[in-house]
2 protein chains.
Amino acid sequence: MAQAAGVSPSTASLVFSGRGRVSDATRDRVLAAASELDYTGPDPRAASLRRGRSGVVGVVFEGRLGSAFLDPVNTVMMDGLAEGVAPLGAGLLLLRDDAPAETIDGPPPASLETAPVDAVVLVGCSGRLTQSLDTVRRRGIPVVVIEGDAGDGIPRIELDNTEAQRQAASHLRTLGHERVTILTLPWTAERVAGWHDASRERPVVDVTRDRLAGARDVYPDAAVFAARESTIDAGVEAARVILGTEPGDAPTAVIAQSDLLAAGVIRAAVQRGLRIPEDLSVTGFDGVRLDGFAPYVLTTLEQPAAAKGRAAGKAVARMLAGDVAPSIRFTCAFRAGNTTAPPRG
Amino acid sequence: MAQAAGVSPSTASLVFSGRGRVSDATRDRVLAAASELDYTGPDPRAASLRRGRSGVVGVVFEGRLGSAFLDPVNTVMMDGLAEGVAPLGAGLLLLRDDAPAETIDGPPPASLETAPVDAVVLVGCSGRLTQSLDTVRRRGIPVVVIEGDAGDGIPRIELDNTEAQRQAASHLRTLGHERVTILTLPWTAERVAGWHDASRERPVVDVTRDRLAGARDVYPDAAVFAARESTIDAGVEAARVILGTEPGDAPTAVIAQSDLLAAGVIRAAVQRGLRIPEDLSVTGFDGVRLDGFAPYVLTTLEQPAAAKGRAAGKAVARMLAGDVAPSIRFTCAFRAGNTTAPPRG
DNA sequence: TTGTAGGCGTTATCAT
DNA sequence: ATGATAACGCCTACAA
């Protein structure tokens, strides 16, 4: 305690917080004493307690951090989020949503249950995220959900997934495509790849469901294949199956629910000797910068990923200020690239 | 305060921490009272203060979070780190090392100065990281540095960069390559791409310097080109320059300091009509899973990225326990892929 | 402009 | 097995 040893008891607080009126002489004395004792400023933990704020916002992903950051769209969103909470002076605490393993004889693991967070941002929507939601609400902490349905009065940051995907589908329809396959993001949190009968089963994952609806508005009878995850490799694997059907049955276009999947489809198609877009049209979703994808420019829906993050940050700030934060629905922009063209013949 | 209202004053603590011997009857009474007041367990902030631990480990990257996660090697390392600090029960707080913008009239931004962290992991080594280091040491917080030189008694987690890179170079030498170009990671934190006279200038970035040394041990006269960042696109750009020299001068092999750069070189070479590895051999560094890179399998040095993260986590745990943590040097494994072959003719 | 007092919600220690 | 007490280090009134 600088004050006890040094000079004044708690005028020091004013000096360090900088918000008080302190005479230069006193300030100097305090600072001198502080450096004497090598006191390095207020203990953030004590300040947290006193203020009732820790300056930390939790970000909850499903599964491994590694897989969450595999898709650039998440990365960009995180950048936006970091920016969005900056005015709040908050840092981002990474949290996973799976059951915290028991630490033997140690402190309980930092989970949603116990993490010193002022607010929480939930990303995506596995089944477990619903559980996470309960935890957070029980704690009475403000929550914002990105790309997921939290029901009730919980602010959502989302996209016009259905409308946007409909645009891409219409684009293909206008070009004249009739045999179209829809390549979706994972159907459930379990992430199994495979064909689905979309008229009977609904995807569990919100994003998947909404984008699928948009595509099916235009192509109600399109075949539907779910990828195991949103990566180029998963796209390649899926495309091998999709394009592997009888030549006559093979689609002339694939509507992929993410840019990574679309990139995989294109790669697989090219390896098969197909030309893009002459032999196969492919649309993506996200509009992310695909590292190393030139010379292709995906026909895709550009989503404002960074803006989504920033909006989540702002929503958190408002809730922390006691306001209610509205849900926000961002609009994706259709961008025509060079991966779509009229079907052959 | 559950205790004040409910039943016992602070036996409640025992109930919630679970570490005390409490009779079932009492526990039930406490729990009942808690749910009555919908008290959801101890306030982590108060617990932090009392315990002197916040259960948070800071991870400092340079620049935007987004660019940090662009390279899968960082992502994998983060996974390892998350795992490594798990037994500690700690979460990971993402921090940037750049000057925190002033928040007008708000709380000071969560920076290294004020974040409620028990320990800090510094990743990489810009000039600013050195500064971050000062901050942290002033605060008396345990620090571990990954892939950077912190001097003094600060535990380092690093690779045998020089030796490993020498292996790749020797491999090329054995194959018979004589005209080799070295494509390095950024030379300085400023990230400008371009040729360098390696016999006069030393890279500022540790990793770049060490890997370069290994390559130059075998090819002292190799041309050296620094990429602007570790991405496929930067590799493509660099390769356009490197391969753009007079045909007779063009290298028969490129030693790239990261897999992403190597992938870019290969992509650019293929676009130029070169066959890999017949017309050009390329080696990478990292051994990360390159999404969408099949059928190529890079000849590369596999680094134990996840193990690095885990080791950092363990080091942090030891330091928090009062021990000194040793620096650790991991070994990379040379892995021959299908991107290297003897030069033509 | 500076000092004093009280309490934020815990948990560790000690006594019962 | 439980209760009492005392900090943990700060911040914000309010008093001087």
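Naming: A, B, ... by sequence-line order, numbering from 1 per chain. What you see is a predicted model; the values in this text were computed from it and never measured.
When the side-chain nitrogen and oxygen atoms of A:T11 are compared with OP1 and OP2 of C:dG3, one or more of them lie within a distance under 4.0 Å. Proximity of B:S13 to the phosphate of C:dG9: no side-chain N or O atom is located under 4.0 Å from OP1 or OP2. The phosphate of C:dT1 (OP1 or OP2) has no side-chain N or O of A:T26 nearer than 4.0 angstrom.
Side-chain contact check for B:E229 versus B:D71: every heavy-atom pair is 4.5 Å or farther apart. Residues A:M77 and A:P72 have side chains not in contact (no heavy-atom distance under 4.5 Å, counting atoms from C-beta outward).
Summarising the geometry, the separation between CZ on B:F16 and P on C:dG9 is reported as 15 Å, rounded to the nearest angstrom. Atom pair A:D43:CG and C:dG9:P shows a separation of 17 Å (rounding to whole Å applied). Atom CZ in B:R45 sits roughly 14 Å away from atom P in C:dT11 (whole-Å rounding). C:dT10 atom P lies 12 Å from atom CG of B:L49, rounded to whole Å. Distance CG (B:L14) to C1' (C:dT13): 12 Å, rounded to an integer number of Å.
Each of B:A25 and A:P44 was assigned the nucleotide of DNA chain D with the nearest heavy atom; the assignment lying further toward the 5' end belongs to B:A25.
Where the helix from C:dT1-D:dA16 to C:dT16-D:dA1 starts and where it ends, the local axes point in directions that differ by 40°; five pairs per end, rounded to 10°.
At a cut-off of 3.5 Å, with distance as the only test, no side-chain donor of A:T135 or A:S132 sits close to an acceptor on the other residue.
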May I have the list of side-chain donor-acceptor pairs in residues 308-323 of chain A shorter than 3.5 Å, sequence neighbours left out?
{"from": "A:K308", "atom 1": "NZ", "to": "A:E147", "atom 2": "OE2", "distance (Å)": "3.4"}
{"from": "A:K308", "atom 1": "NZ", "to": "A:Q303", "atom 2": "OE1", "distance (Å)": "2.8"}

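Residue B:R50 places no side-chain atom within donor-acceptor reach of the base of C:dT10, judged by atom type and a 3.5 Å distance cut-off alone.
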